[in-house]
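Sequence lines set the chain letters: A, B, ... in the order given, protein chains first and strands last, and positions in each chain run from 1. As the structure is a computational prediction, the values presented were derived from the model and not from experiment.
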Amino acid sequence: MDTSSPETLAKAYEFKEVEKRWYAAWQADKTFSAKMDPERDSFSIVIPPPNVTGVLHVGHALNNTLQDVLIRYKRMMGLNALWVPGTDHAGIATQNVVERQLASEDKTRHDLGRDKFIERVWQWRQEKGGTIINQLKHLGCSCDWDRERFTMDEGLSKAVRTVFVRLFKEGLIYKGDYIVNWCPRCHTALADDEVEHEDKKGKLYHIRYPFADGSGHVIVATTRPETMLGDSGVAVHPDDERYNHLKDIGIKLPLTDRTIPVVFDHHVQRDFGTGALKVTPAHDRDDYEIGLRHDLEIIKVMDDSGIMNDAAGAYAGLDRFDCRKKIVADLEEQGFLEEIEDYDHAVGNCYRCHTVVEPTTSLQWFVSVKPLADKAVKAVHSGDINIHPKTWDNTFYAWMNNIRDWCISRQIWWGHQIPAWTCDDCGQLMVEETDPSSCDKCGSSKLSQETDVLDTWFSSALWPFSTLGWPDNSEELKFFYPTSVLITSFDILFFWVARMMMMGLHFMDEVPFKDVYLHALVRDKHGKKMSKSTGNVLDPLVVMDEYGTDALRYTMTAFAAQGRDIRLSEERIEGYRHFINKIWNAARFSLMHINSCDASVTADVQPKEMALAHRWILSRLNKAINEVHDSLAGFRFNDTASSIYQFIWHEFCDWYLEWTKSDLYGDDATKKAEAQAVLFTVLEAVLKLLHPIAPFVTEEIWHFLPGERSTIMTESYPVANPDWDDNEAEETAELIMGVIGGIRNIRSEMQIHPSAEIEAFAICPDIKKGQRLGEHSTSIMGLTRTSSLEIIESGAVPKGAATYIFEDMEIYVPLKGLIDVDKEIAKLNKSKQKIDKQYNQTNGKLNNEKFLANAPDDIIAKEKAKLEEFTTKLSKIDDSIARLQDLA
RNA sequence: GGGCGGUUAGCUCAGCUGGGAGAGCAUCGGCCUUACAAGCCGAGGGUCACAGGUUCGAUCCCUGUACCGCCCACCA
């Protein structure tokens, strides 16, 4: 391990150099590499493969930080932890990138031809495809890079082919001519969930369709008048009395010379518009289905680019939107246009390029997902797969139970080409794992392979087992499948997670993962989705550069509360940078005092006989450790982050370090050694606790600690030591902190300069408490800069002293008449009011017979104790006020 | 149209199975106290959206209302 760190810690943490140095060292030493030690359990995660075209955004930062936190934690817990990294070939997205590159050279992919184009994409991937991988490294991800995969690599391609062929032979993949979502820009079909619906302000055109016999007309309403050229019928509801008489009448379709029939279909909503619907089976999903039911003609009026074709007659050659304008103008001119109404409706857009999708019929490949979906539903029902947070279960079921067949063919070039061949001579269709050389029916050697490629999600659906070597029965597959947990954003629950469940259950006969943790979407601080076009993107690379990777990771972990959007603000990141620096300085301070220690002093710390501060901090450390384990087990990452933050800053730094200084700086060798041992112990534990979230700063500090050290990554994670639990120490410490708080409050309120010496008194009627305070008076004096502290059982507070009430005690500081009487009285009255309210509340409960009858005993006891406390406080306050009034 | 989530301090958010409202930032006051001014000490600030209900007791459970957000859906 490379430990070429500077000799001493710099005054402030310089993350840039540290991050670079340690990541390189980890990689060189292969500390991320997963072992398959049969003695230990496995823990595995497959990364949601980012698009190979991707650049790291905050969503990735969140997603991968959480995965790394878990992986590092489990690794330190002694499990064989494997995190499989990789990228997705992202069919349309990648093809778009390379096509744009070509466009800048005034070329199209057609100029190159398919083979050359694909070569070009591979070349692009070779040069630019590593960007996001490097960025994940920048983020500190401890992926097993030797096991990195790509959805188009040889192994995964083999898996894809095997799956396709098996599903086909099982009758679960079929080819058919159906209406699909077509992107006229990408020139490909899209799956239903690849279409994004967006509300747009549009128009509803009411058009007069005359009867063929000239006896009248019917008015239809449409948002897309240009499709009327493909109309092959008008539909009305069978029970709609208004249209009973249209049974045998033909409709003369305006702007054309065609006559179309009226059909009666239950799908028509009688109360919408006029209750008459124009039917365009070739360009509308519903119309398609109506058309099927009534055997209507399918007339495509556009080509693959959304340009009107020959079937559109005089409108051929026009873009669909230009055509709309022309049609409307012509209808108007010829008197067919009844009315134009403003109308808001949802328009489907391509999720990649946002072009308006055109529903149209075409020959595509589909997966019958119903039988696969049923298995996935069962797995979630039975608890074989647990979705966190559970609120997603219902959404999941709803979608899975209404799932439609999945259109898996895409008319692009970059992707897994469908392994199907058609015989040019006899038309025989063959789907094979190995390329066929001749037709298995007629023997002809003239075979043409399907030109379509598969939907990108088809290959990512296999990710949990294909990356582990399937279809080969590899050691990895046996050892690491099923994976332990999948961490991803909820927006790809259906695109990806559900499909992995379906494929995993079908081909492995086992769930692909036991837990699914769905995290929120990262938005900007106003709750808007981050996007380049609105310019509200917070670039994690810039953040890492400015605040450090650990600060970004800590922010992500702290923000990862379940079931919410995350609104990221730079202020919060800055706050966590301060925290990282705080740790750095705490370590710097600690090292000043433990540098000379032997590392063995931490081996077996038994605090029972030690000073209070040590017993207290070790007991608190136990609590923090338990909170970390509990919260991580429940995927409550934010709780993990806050437990550690709270412990380090407000217990370890604010109290423990200050409290121990007197021993560390003092002359008593025994006390000093004790303090050093505990300080050393807690610091080590804290670094380990923190390491999964903040790997860099912890690793750097780790190597400054005395003793021979290898990476902190493989140290064992802290577990609570039962010998350190000490409730009595915690109680006593709270008592002392309360008194210290009281004295500090007086000092501050009375504006006594921090370095001015004061004398303090505590009237403590409880003898035992008084004794305990007495034992620790030196600590109290040290932490409050008082020259003397007298603890008395009873007595009167002298006139002109400032008072603070803590529990049943009165703490006072004589001020020789320097206090502002009115101000003091006002202050006391205010706190009296507060306590009065609490008193009344508690008193009310205790006077309520029903409360006494129904509430559990421990709650009643607690309320009684509260009442006593409030009563004492109130009387103390009254005393103080009386004394002050005397003075006035 | 259906479903889900949100509404808590000025801002961003915690608050797990109902029992004395929390954090960070911001604000105010005091401190360069020998790890840290990226810091320390102290303080102020909330009818937990609104209206009902269940309960001895509700920020938490139930119903409804309002506003905000998301997802799904075949009303052209």
Counting any heavy atom closer than 4.0 Å, what does [X] reach on the DNA or RNA strands: base, sugar-phosphate only, or nothing?
X: K278(A); value: nothing
X: Y576(A); value: nothing
X: E658(A); value: base
X: E627(A); value: nothing
X: N394(A); value: nothing

(message) Counting neighbours of CG on D667(A) that are heavy atoms of other residues, nucleotides or ligands and sit closer than 6.0 Å, is the number greater than 12?
(response) no
(message) Heavy-atom count check: over 12 atoms from other residues, nucleotides or ligands less than 6.0 Å from E339(A) CD?
(response) yes
Does [X] put a side-chain nitrogen or oxygen below 4.0 Å from OP1 or OP2 of [N]?
X: N585(A); N: A38(B); value: no
X: H650(A); N: C40(B); value: no
X: H267(A); N: C75(B); value: no
X: K845(A); N: G19(B); value: no
X: K582(A); N: C40(B); value: yes
X: Y288(A); N: A76(B); value: no
X: K834(A); N: A21(B); value: no
X: W399(A); N: G2(B); value: no

Applying the Watson-Crick and G-U wobble criteria at under 3.5 Å, what pairs with [N]? Answer none if nothing qualifies.
N: G5(B); value: C68(B)
N: G22(B); value: C13(B)
N: C48(B); value: none

(message) Please compare A586(A) and N848(A) by the position of their nearest nucleotide in RNA chain B and report the one closer to 5'.
(response) A586(A)
(request) Take E749(A) and H578(A), find for each the nucleotide of RNA chain B with the closest heavy atom, and name the residue whose nucleotide sits nearer the 5' end. (result) H578(A)
(message) Quick one about S831(A) and K873(A) (side-chain donor to acceptor, distance below 3.5 Å, no hydrogens or angles considered), yes or no?
(response) no
(message) Looking only at side-chain N and O atoms, does D231(A) offer a donor or acceptor that is under 3.5 Å from a partner on Y209(A)?
(response) yes
(message) Once hydrogens and angles are ignored, does a donor-acceptor distance under 3.5 Å link the base of G3(B) to the side chain of T395(A)?
(response) no
(request) Could you tell me whether W649(A) and Y645(A) have their ring centroids closer than 6.0 angstrom? (result) yes
(request) With the side chain of S748(A) defined as its heavy atoms from C-beta on, choose the nearest nucleotide among G39(B), G29(B), G19(B). (result) G29(B)
(request) Would you mind telling me which of G39(B), G19(B), C36(B) lies closest to the side-chain atoms of P856(A)? (result) G19(B)
